[in-house]
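Have a look at the structure below, then the notes.
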Amino acid sequence: MPWCVNCTRRPVASFAARAAALVVLIGGCADPQAAFDDFGERYARTHDAGAGGSGGGGPCALPGASDFQGRYLLVISPAFSPKTPILFLDDITATDSGSGLDAIMTLTALSAADRETPVGSALAPIDLSFGAGTFAADLGVLHIVGEADPVIPGAAIDGSLVLHGQLCAPDAGGALEFSCGTASGQVTVPAELGLDGSTWTLSRVTDGDPLPEVVIDCAKNPPSPL
Amino acid sequence: VIVRARSFFWLPTAATAVLGFASVAHASGFATARFGGEHGHPTTDNPTAVYYNPAALTASQGTHLYADGMFVLRRASYTHEPAPTDVPPAAGAERANTGEATLTNVAAVPMFGASTRLGDLALGLGVFVPFGGGETWDTRSEFTDHPSYPGPVDGVQRWYTISGTIQSIYATLAAAYPLGESGLSLGVSGNLIYSLVDTTNARTALGNDDVGIEGRSHLKVSGWQASFGVGVLYEPVKNTLWLGASYQARPNVAGGMVLSGDLEDNFTGSVDVTSVDFHQDLPDVIRLGARYRPEPRLELRLFGDYTRWSSLDDQCVARRGEPCTLNPDGSNAPGSGAIQSVPRHWNDAFGVRAGVSGWLGSRLELMSGLGYDSNAIPDSTLEPSFMDYDDFSAAVGARYEVASGFFLGACYTEFYNLPRDNSGSSVHPHEQAPSNGPDAGGRYTEWVGLLNLDAELVF
């Protein structure tokens, strides 16, 4: 048979082998894998690979614990869909350590529908340490309720997340109002999606005021409107 | 069809046509049951009966070995103009999502069959592809090596397909038995089915057509199913008139096809792989046919099919082992693990065909046919990966007994698809994630030429 390209003694595998050959014929020279791989090569040529950085840039002073702790709006802008960020209320308690800060971060996801209503329970507190210079804060694996998912509304998200940046006290002193940087990690649910090249921002929430404006990166670009 | 007549001059003028051809690239849905050409129908006496009507195996005598090759040339186009839901074009890529996409593809689909008689009992087997198609679209030279956007070179249609194939390959055993001298025969068949989907398309995580965040998804899944066929053949006037009816059940009978494999995504320059299940349902098919031979050198055929494509409501990709349960708006129902879904909402379709054969001498048969196939895909869900049309077809062919009991045949069929324009009707951008996609409205055209080459050995 001209379309028999393989032979095996196992009947099922034999049929599968013949079927595979048939696939080539019926497919009319379709080569989906090549089409997929070609895109990857073109993407690499047109994009800066591994663009990173931090919210700081250059030497800066670490804020004191009292200037750091408080409530923030944490915005995670995933590289695969940067204009549709995932938002959290981020309650931070901090203490001065010998050469830096020890902090406990408690995240509560916000609704993707209005970007202001807390949804689900607060995530388990995350212990972090910050020193002078850049940091990589590993938030571990986050389990985020579906209401916070801006990509597939209702679909829960599991994923690991690492924030990269630099914590800098404001030049004028006082409480930290804004920080930003890049993020990496891996979404595993609802689908496997890499987070390298993502960005984050942290904007202080003032008691009694509305949530601060949502910005997705250090350039303070806005997200897509709701 | 084995006829040895002394002499007859016949110009094939009458016609018939086929049941719903679905081109190897997609016609009545993506049914491709055209093996056998003009002799593939519910009253045939060759081994294609294992699919078209297992009861018709009793119309054959002796042992038959049969091979058929369908060679298809397909040309198609899709032209999309800006739609209100399209993402505003990016600077430097203003025509990335508008204009014409084209394809010219060649495909070959083999079919093998055999039948024999054990007394009154007729047995048959076959390997064939009743559902399938594949395509690779042309690239757009204006976007070759674009400095900023790596996606648009794959064409305007890329949000639904760049290159892909879908098919169900059947291995079938069939048996038929005549009920005494009543002229009635009953047949039954069992199918083991290997199904595969392998396709790459452009995609953003949001399901829109934003070239700034354009990535690629590559789905490759496969799986096994089973089904059955039953049929009846009635020969009220011996060697003159045959009436046939058959039913081919859906893969897995009650439906629920689940193919397993991987979904590869590249949205940010790196490849992520998710283990997934692909959920779909293929149709069951009802066939009716009549074959009339008023004299030994003339045969008239009329047959058709009713293919219940309404079974294909959507094609859904979910995390491995999780259900794909969608709300009416396309969103995930509670507990659903859907990642991507494409709404289909197809309609039942039918085809009808009339054909005629005449014999020149004892060895040469000339044949022709005319046919019509209805369209299974509504305007709302028509998109470039599955095109379907109301189509008309015309066929001419010949079959020659080159040696005693050894026949070679060729039949060419051309399909005239009525162009479609579903601008403004596309439901895709209005679905909720994960069922949403870019507007697929536009003008669709397609031309298909099909050459059947077959060989049959009878002893």
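Source: prediction; values computed, not measured.
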B:Ser148 and A:Thr46: CA distance, side-chain angles, deciding distance, side chain to side chain contact (heavy atoms under 4.5 Å, CB included) verdict: CA-CA 5 Å; B:Ser148 303; A:Thr46 54; 5.9 Å; no

Which of B:Asn436, B:Thr204, B:Asp154, B:Ile162 touches chain A most, by non-hydrogen pairs under 4.5 Å: B:Asp154

Nearest-0.5 Å distance that lies between atom OG1 in B:Thr200 and atom CZ in A:Phe36: 7.0 Å

Greatest number of heavy atom pairs closer than 4.5 Å to chain A - which of B:Pro147, B:Ala338, B:Gly207: B:Pro147

Side chain proximity check, A:Arg42 to B:Val153, heavy atoms < 4.5 angstrom: yes

Interface moiety of B:Asn332 toward chain A, non-hydrogen atoms closer than 4.5 Å: side chain

Residue, of B:Val273, B:Asp210, B:Val317, that accumulates the most heavy atom pairs under 4.5 Å with chain A: B:Val273

Point-to-point distance, once rounded to the nearest 0.5 Å, from OG1 of A:Thr188 to CZ of B:Arg319: 9.0 Å

Inter-residue atom distance B:Thr268.OG1 - A:His47.NE2, 0.5 Å rounding: 9.0 Å

Heavy-atom side-chain proximity of B:Ile213 to A:Pro82 below 4.5 angstrom: yes

Pair A:Arg45-B:Asp145, side chain to side chain contact (heavy atoms under 4.5 Å, CB included): steps then yes or no: CA-CA 9 Å; A:Arg45 287 199 299 269; B:Asp145 296 326; 3.9 Å; yes

Spatial distance of atom OG1 (B:Thr165) from atom CG (A:Asp31) [nearest 0.5 Å]: 11.0 Å

Nearest-0.5 Å distance that lies between atom OG1 in B:Thr274 and atom CG in A:Leu193: 6.5 Å

Side chain / backbone / both / neither for B:Ser217 at chain A, heavy atoms under 4.5 Å: backbone

Check: B:Asp272/A:Gln186 side-chain N/O donor and acceptor closer than 3.5 Å: yes

Gap between atom OH of B:Tyr149 and atom OH of A:Tyr43 - 0.5 Å precision: 12.0 Å

